[in-house]
Amino acid sequence: AAPEMAVTMAPGRGKRSPWRAAAVLVLLACCLRPRRFLAFSAAAPLGGRRELLGAGLAGALLGAFGADGAGAALPPALDSRGLSTITVTTGAVVGDAAPVLATLNDLVKQAEKALELLATDPKVDIAPFFGLQSFNTEDSIVKSVQSKSLDSPLSEGASKLRAAVSSMEAVLDPKTRGDVERVGRLMVTAWYQVVRDKLFKTPDSRTSGFLDTMSYTSAREKPESLAKLFGKIKAYIQSLRVLIQFVQ
């Protein structure tokens with residue numbers, strides 16, 4: 001039998017670390033967009049090699065996706081700003097903002113009406129005030145087929161909210177795009193937190209049993225339980241109000 005031959009890998013020929021690619025992006029970011037890269041890197045909390053390369057990767061992406069200046073659009077994966085940290089740019093309307101302003105104001109009024117009704121009657125059905133039909137507030141393939149729509153109930157409702165944000169972008173200075181998109185994502189997230197709350201959905205008396213209905217009613221009548229739903233609705237309203245400030 002032929003003797004077995006040992007095979008050795010030449011140095012540098014094995015599996016390459018992904019950090020090498022990040023290092024290349026660091027170099028590119030420094031060369032192509034030095035001011036933007038240095039500004040971002042200086043603001044990032046650096047502790048070691050990985051943190052430095054992570055900042056370099058972010059700087060490279062910033063250079064690729066955004067323009068210099070305030071309001072530049074960040075890739076969604078990098079934009080983690082909270083609502084309170086976003087500065088509203090006023091006087092940026094460049095088109096007819098009346099229709100989208102009316103839409104946003106109506107969304108606020110609907111949510112505020114839901115709060116008002118819940119305060120007086122904890123058992124009230126608030127689904128219609130959030131763009132959903134009663135007893136049709138869950139995502140499922142069955143619901144999509146029944147409604148003859150490719151979108152499930154929640155997806156369809158969220159799509160309408162995103163459309164309102166897109167309408168805003170059409171009448172605002174492009175420099176505000178990053179901020180408007182971020183607030184829009186926060187608004188849609190707040191909406192989802194409301195409609196997915198366990199106390200949001202009103203039991204359908206046609207399909208729910210007596211014990212299920214009684215359990216739901218008892219939970220909604222507890223102030224501490226209802227307070228959480230109230231808080232989620234108020235957060236949704238606050239995000240809408242921030243969007244309104246852009247187009248006033």
Side-chain angles (χ1 to χ4, degrees), residues 76 79-84 86 100-168 180-209 212-244:
D79 196 347
S80 60
R81 293 174 295 167
L83 195 63
S84 61
I86 298 175
V100 68
L101 182 59
T103 297
L104 294 174
N105 279 326
D106 183 62
L107 291 173
V108 170
K109 290 180 180 178
Q110 292 293 323
E112 289 179 335
K113 185 65 175 180
L115 283 177
E116 179 184 340
L117 293 176
L118 276 175
T120 57
D121 181 8
K123 295 179 290 184
V124 68
D125 177 19
I126 60 174
F129 300 100
F130 293 90
L132 299 173
Q133 297 179 2
S134 301
F135 317 128
N136 193 25
T137 60
E138 294 181 352
D139 278 344
S140 70
I141 296 177
V142 175
K143 293 290 186 181
S144 299
V145 173
Q146 289 176 343
S147 63
K148 298 180 181 180
S149 171
L150 294 178
D151 287 331
S152 55
L154 297 192
S155 297
E156 185 175 1
S159 295
K160 292 179 180 179
L161 296 178
R162 295 188 183 99
V165 176
S166 296
S167 298
M168 289 182 60
V180 171
E181 286 184 347
R182 177 57 182 167
V183 178
R185 288 193 295 272
L186 292 173
M187 180 268 291
V188 173
T189 298
W191 178 84
Y192 264 114
Q193 290 179 343
V194 171
V195 300
R196 285 178 171 169
D197 187 279
K198 62 181 181 180
L199 295 183
F200 176 81
K201 179 185 176 182
T202 303
D204 188 349
S205 58
R206 298 168 298 179
T207 57
S208 299
D212 290 337
T213 302
M214 288 297 296
S215 176
Y216 166 84
T217 301
S218 176
R220 260 211 182 182
E221 289 179 344
K222 293 180 180 179
E224 62 274 16
S225 298
L226 203 56
K228 294 180 181 180
L229 180 58
F230 267 74
K232 293 176 181 179
I233 296 175
K234 291 178 180 178
Y236 167 65
I237 292 173
Q238 180 59 28
S239 61
L240 285 170
R241 286 176 173 163
V242 172
L243 286 175
I244 288 173

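Excluded from the calculations below are hydrogen atoms, water molecules and symmetry mates; all remaining heavy atoms, backbone and side chain alike, are included.
For Phe130, the ring-ring contact (aromatic ring centres under 6.0 Å, His included) partners are Phe200, Tyr236, not counting sequence neighbours. Every residue meeting the side chain to side chain donor-acceptor pair (under 3.5 Å) condition with Asp197, not counting sequence neighbours, appears here in chain and number order: Lys232.
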Kindly indicate, with the supporting measurements, whether the criterion side-chain contact (heavy atoms from CB on, under 4.5 Å) is fulfilled by Arg185 and Asp79. CA-CA 10 Å; Arg185 288 193 295 272; Asp79 196 347; 3.7 Å; yes
Give the intermediate values and the outcome of side-chain contact (heavy atoms from CB on, under 4.5 Å) for residues Val242 and Ile86. CA-CA 9 Å; Val242 172; Ile86 298 175; 5.6 Å; no
Passes side-chain contact (heavy atoms from CB on, under 4.5 Å), Val165 versus Val188? Steps please. CA-CA 10 Å; Val165 176; Val188 173; 5.6 Å; no
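Distance CG/Leu243 to CE/Met187: 5.5 Å, rounded to 0.5 Å. Interatomic distance, CG of Leu161 versus CG of Leu104, reported as 9.5 Å (0.5 Å rounding). Taken to the nearest 0.5 Å, the CG atom of Leu186 stands 6.0 Å off from the CG atom of Leu83. Distance check, rounded to the nearest 0.5 Å: NZ of Lys160 to CG of Leu107 gives 11.0 Å.
Taking each heavy atom of Ala111 and Ile237 in turn, the nearest pair found is CB-CG1, 3.5 Å. The two atoms that bring Leu226 and Leu118 nearest to each other are CD2-O, 4.1 Å, heavy atoms only. Counting all heavy atoms, side chain and backbone alike, Ser155 lies closest to Tyr192 at CA-OH, 3.9 Å. Taking both residues in full, the closest heavy atoms of Arg182 and Ser80 are given as NH2-C, 3.5 Å, listed atom of the first, atom of the second, then distance. The minimum heavy-atom distance between Val183 and Ser239, with the atom names listed, is CG1-O, 3.7 Å. The two residues Ala114 and Phe129 come nearest to each other via the heavy atoms CB-CB, 4.0 Å.
Within the 4.5 Å cutoff, the side chain of Arg196 has heavy atoms near those of the Leu154 side chain.
Salt bridge Lys123/Asp121: absent, no basic N to carboxylate O contact under 4.0 Å.
Sorted by first and then second residue, the side chain to side chain donor-acceptor pair (under 3.5 Å) pairs involving residues 103-112 (not counting sequence neighbours) are Glu112-Arg241.
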